[in-house]
Protein chains: 2
Amino acid sequence: MTTAKRDTYTPETLLSVAVQVFNERGYDGTSMEHLSRAAGISKSSIYHHVSGKEELLRRAVSRALDELFGILDEEPARVGRAVQRLEHVVRRMVEVLIGELPYVTLLLRVRGNTDTERWALERRRDFDHRVAELLKAAAADGDVRGDVEMRLATRLVFGMINSIVEWYRPDGRGMGQREVSEAVAHLVFSGLRAQQD
Amino acid sequence: MTTAKRDTYTPETLLSVAVQVFNERGYDGTSMEHLSRAAGISKSSIYHHVSGKEELLRRAVSRALDELFGILDEEPARVGRAVQRLEHVVRRMVEVLIGELPYVTLLLRVRGNTDTERWALERRRDFDHRVAELLKAAAADGDVRGDVEMRLATRLVFGMINSIVEWYRPDGRGMGQREVSEAVAHLVFSGLRAQQD
DNA sequence: AGAGTAACCGAACGATCGGTCGGGACAAGG
DNA sequence: CCTTGTCCCGACCGATCGTTCGGTTACTCT
């Protein structure tokens, strides 16, 4: 059996170690020496599993981006009133952020120094635009207040959601996904909705 | 006169160049070679003005932190009803973020790899706690809703405000400080207040 | 004119960077 | 037995890192 082996590394298990270190020290601040120490194998052994440092980054941000774009394909995000589709996307974004915390954290911190990072930034912008259009549609329906500029509101809401990666830690008896996504939806929509709920 | 000279560098003018590059490439991703190219002087000349790379970081985050803590000393932040002191702090935070944008941006991206970075993180935590206490006091007065956990709400609001550094650009005909701080206060307090405004 | 100093430079330092190389240990399959 | 392939290692590579050093230019003060 191939899935039962745990005492040796696969690209995936090595990735989970690497992403953790990347988030602690920053991608540029992490050397292959740091990674090898954290993984418990030598520096050169890492190259047996992956082609190099940048592949680890690419795998990580790809995973995060795939999960985020997956939200937009879900049925509640495609059909129904815009404001309800928006609320679904907001709640699911929080869940994905928490569920894939280290990978999304890394994605949100890329700066654009390499091709991989610039590609990640571009895909992030695409995602943001998709959600911004949803908000605009909800405003056209009259379901969200019109006295705040949509471009500005989108960015502030994204900022609130994305900031979760800066403080959420899943250590045992902390708060759950549900509690956070409820609080975010409450804060966002009680401030955005035209009518009181 | 000493203030009229502009053709030569001072620690302050060099800092403004350095901070800009730090924010574009990340602190760890910026080499002294990058800085020298951006400043138009040689690498070794930088050391005539400052002791090294880390001093530039320390000067930058100190400036940001001093501005932020200065808010708490302002009269409207010290006297009056807690909810109104809180609103003053929120609006002024936005103004400081925008007014000292590159310095605050750098502060918010510190990871904790060096002593300077760990010191900055510690002072940031202090500031956050001060504001969290203000929010708790406002809740005790019954001026903000009690169905959202205060610790969670504080972090989300901080996340929204701090995210401004990720997209705000002061290029000419953009939006002004006032417009942003109004939108933030609107979003935050329409979602937090117990009664409708 | 001469001394002092601020601002700058090219060259080089030891250390560390991401990555390569040849080979050893070990298990599976014949 | 011997081969094959996986997983790993120490040693090393050229490049780049932050920093230092010795020296040059140009301006100020006396």
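Throughout, protein chains are lettered first and strands after them, A, B, ... in sequence-line order, and every chain is numbered starting at 1. Side chains are part of it too, since the values below use all heavy atoms of this structure and drop only hydrogens, waters and symmetry mates.
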Tell me the interatomic distance from B:I46, atom CD1, to D:dC21, atom C1', rounded to whole angstroms. 16 Å
Indicate whether OP1 or OP2 belonging to C:dC8 is found under 4.0 Å from a side-chain N or O atom of B:H49. yes
Quickly work out the B:E33 CD to C:dC17 P distance and round it to whole Å. 19 Å
When you measure from the side-chain N and O atoms of B:S45 to the phosphate of C:dC8, is any distance below 4.0 Å, counting only OP1 and OP2? no
Treating B:T13 as the side-chain partner and B:Y9 as the backbone partner, does any N or O pair qualify as donor plus acceptor under 3.5 Å? no
Please round to the nearest 0.5 Å and tell me the distance separating atom NZ of B:K136 and atom CG of B:D141. 13.5 Å
Whole-Å distance, B:L35 CG to D:dT16 C1', equals 15 Å
Between the side chains of B:E54 and B:T116, is a donor N or O closer than 3.5 angstrom to an acceptor N or O? yes
Please determine whether a side-chain nitrogen or oxygen atom of A:S31 lies at a distance below 4.0 Å from atom OP1 or OP2 of C:dT16. no
Within this structure, what is the CZ-to-C1' distance between B:R37 and D:dT16, rounded to whole angstrom? 12 Å
Rounded to whole angstrom units, what separation is found between the NZ atom of A:K53 and the P atom of C:dT20? 15 Å
Which is it for B:K53 and B:Y27 under the side-chain contact (heavy atoms from CB on, under 4.5 Å) test, yes or no, and what are the steps along the way? CA-CA 9 Å; B:K53 195 182 175 186; B:Y27 176 72; 3.6 Å; yes
D:dG10 base to A:S44 side chain: any donor-acceptor pair below 3.5 Å? yes
Any base atoms under 4.0 Å from B:T30, or only sugar-phosphate, or nothing? Heavy atoms, all strands. sugar-phosphate
For atom CZ of A:R25 and atom P of C:dT16, their distance in whole Å: 13 Å
Under 4.0 Å between a side-chain N/O of B:H48 and OP1 or OP2 of C:dA7, yes or no? yes
Distance-only donor-acceptor test, B:K43 side-chain atoms vs C:dG10 base atoms, 3.5 Å: no
For A:L56 and C:dG18, give me the distance from atom CG to atom P, rounded to whole Å. 11 Å
Between C:dC17 (P) and A:M32 (CE): distance, integer Å: 11 Å
Does the side chain of A:K43 reach to within under 4.5 Å of the side chain of A:S31, using non-hydrogen atoms? no
